[in-house]
Number of protein chains: 2
Amino acid sequence: MLGGHHVKKLYNNGVEATLGVISGKWKPQLLCHLGNRPQRTCDLRQALPTISQKVLTQQLRELEADAIITRRVYGERAPFKVVYELTDLGRSLGQILIQMSLWGEQRATQLPDMEIRNDHAGFTHILEN
Amino acid sequence: MLGGHHVKKLYNNGVEATLGVISGKWKPQLLCHLGNRPQRTCDLRQALPTISQKVLTQQLRELEADAIITRRVYGERAPFKVVYELTDLGRSLGQILIQMSLWGEQRATQLPDMEIRNDHAGFTHILEN
DNA sequence: CTGTATCCCTGTAGATACTG
DNA sequence: CAGTATCTACAGGGATACAG
C-alpha cells in the first residue's frame with residue numbers, strides 16, 4: 001500500500017461491517033479458542049490441525065488489524081514466543097457469536113443433512129473477562 | 001446435480017452455519033428490504049440499483065434454498081410477477097441482524113475512516129411478523 | 001418482466017519451500 | 001518457533017447478451 005492512503009470504508013449497514021470482521025474460513029474457530037485464554041501460535045496450530053501456515057498468519061493479521069486481537073512477541077531472537085489475545089473489543093463480540101451459534105444449532109436440528117461439531121458453549125468463555 | 005446426492009454438511013460450530021446463510025455481498029441488504037414487506041424482483045432491483053441481473057437471482061436462489069425466503073410466481077405466461085417474501089425462519093434472524101448492525105455502528109463511531117449508510121432501524125421491521 | 005448463458009476478473013485459500 | 005515467498009486452484013461476483 002504505497003503512501004498509506006486513508007480509504008474511507010463504506011458499508012450499507014452495520015451487518016456488513018460486522019461480517020467483514022468475523023467472516024473468514026477460520027475466524028469463528030480462532031475466536032472460539034482465543035475466547036478461552038491467550039494462545040501461542042503453536043497452540044492454535046494444534047487446535048486447527050488442517051490450517052496452513054500462510055492462512056493462519058493471514059487470518060490472525062486481519063483480526064489484529066481490526067483490533068479484535070493483540071499480538072505480542074517475547075524473546076530477542078529465535079525461537080520466538082508469540083502470544084495472541086482477545087481485546088475488549090473482541091470480547092464484545094461474545095453475545096453475537098453465541099446467538100449465531102445457537103441459531104445455527106437450532107437450524108441443524110431441523111436439517112438431517114447438517115451436522116455441527118461443537119456447540120455454543122465453546123463461545124461462552126469469551127464473556128468471562 | 002446428477003443423482004441428487006445428499007452430502008452431509010459439516011460445520012465446526014453454529015457460527016459457521018449461520019454465516020453460510022447470511023454472508024454474501026448483497027444478502028444483508030436483501031434481508032433488510034424483505035424485512036419491510038414482500039417484494040417483487042423489480043422492487044429489489046430498484047432498491048439495489050448496482051446489483052447485476054445474475055447476482056440478484058443467484059443470491060435470492062441461495063436464500064430460497066436455505067428456506068430464508070419464499071419465491072412465488074404469478075401469471076401463466078410472460079410478463080410474470082415474481083414475489084419474494086421472508087419466511088418465519090428468515091424472520092428468526094431478526095435479533096441477530098439487529099445486534100450485528102448495532103455492533104457495526106458502534107465500531108464505526110470509533111473509526112474515522114469508516115462510514116455506515118443505514119442504521120439498524122432498517123432491520124427492526126423484520127421482527128414485526 | 002424475469003431469468004439463463006457466457007465469459008472474465010479478482011479475492012481467498014491451499015501446498016510447498018525457505019529464512020531469521 | 002514463527003513467518004515469508006511463490007505458485008496454484010477455485011468460487012464469488014460482475015458485464016453482457018439472449019430467451020420465455
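A note on names: the letters A, B, ... follow the listed sequences, proteins ahead of strands, and every chain is numbered from 1.
Put simply, the side chain of A/Asn118 gets close to the backbone of B/Asn12: a donor and an acceptor are under 3.5 Å apart. B/Arg45 contributes no side-chain N or O that, together with a main-chain N or O of B/Leu56, makes up a donor-acceptor pair within less than 3.5 Å. Side-chain atoms of B/Glu115 never come within 3.5 Å of backbone atoms of A/Tyr11 as a donor-acceptor pair (strictly under, hydrogens ignored). Not one N or O on the side chain of B/Arg71 forms a donor-acceptor pair closer than 3.5 Å with the backbone of B/Tyr84. Side chain of A/Asn13 to backbone of A/Glu16: a donor-acceptor contact under 3.5 angstrom is found.
Pairs of residues two or more places apart, or lying in two chains, that qualify as salt bridge (Lys or Arg N to Asp or Glu O under 4.0 Å) and include a residue from residues 17-40 of chain A are A/Lys27-A/Glu62.
Contact annotation: B/Tyr84 does not reach the phosphate of C/dT2 (side-chain N/O to OP1 or OP2, under 4.0 Å). Between C/dG3 and B/Arg71, a contact under 4.0 Å exists linking OP1 or OP2 to a side-chain N or O. A close approach under 4.0 Å does occur between a side-chain nitrogen or oxygen of B/Arg61 and OP1 or OP2 of C/dT4.
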> Going through the checks in order, is the side-chain contact (heavy atoms from CB on, under 4.5 Å) test met by A/Cys42 and A/Gln46?
Replying inline: CA-CA 6 Å; A/Cys42 53; A/Gln46 279 192 325; 5.9 Å; no
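A straight line from CG of A/Leu56 to C1' of D/dC1 spans 13 Å, rounded to a whole angstrom. Taking atom CD on B/Glu76 and atom P on D/dG20, their separation rounds to 18 Å, with Å as the unit. Taking atom NZ of B/Lys81 as the reference point, atom P of C/dG3 lies 14 Å away to the nearest angstrom. With rounding to whole Å, B/Tyr74 atom OH is found 16 Å from C/dT2 atom C1'.
The CE atom of B/Met100 lies 4.0 Å from the CG atom of A/Leu19; values are rounded to the nearest 0.5 Å.
The stretch residues 33-49 of chain B touches DNA chain C through B/Arg40, B/Thr41, B/Cys42, B/Arg45, each having a heavy atom within less than 4.0 Å of the strand.
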Contacts under 3.5 Å, N or O only, protein and nucleotides 10-16 of chain C:
unit_1: C/dA13; atom_1: OP1; unit_2: A/Lys25; atom_2: N; d: 3.0
unit_1: C/dA13; atom_1: OP1; unit_2: A/Gln59; atom_2: NE2; d: 3.4
unit_1: C/dA13; atom_1: OP2; unit_2: A/Gln59; atom_2: NE2; d: 2.8
unit_1: C/dA13; atom_1: N7; unit_2: A/Lys54; atom_2: NZ; d: 3.4
unit_1: C/dG14; atom_1: OP1; unit_2: A/Lys25; atom_2: NZ; d: 2.9
unit_1: C/dG14; atom_1: OP2; unit_2: A/Trp26; atom_2: NE1; d: 3.0
unit_1: C/dG14; atom_1: N7; unit_2: A/Lys54; atom_2: NZ; d: 3.3
unit_1: C/dG14; atom_1: O6; unit_2: A/Lys54; atom_2: NZ; d: 2.4

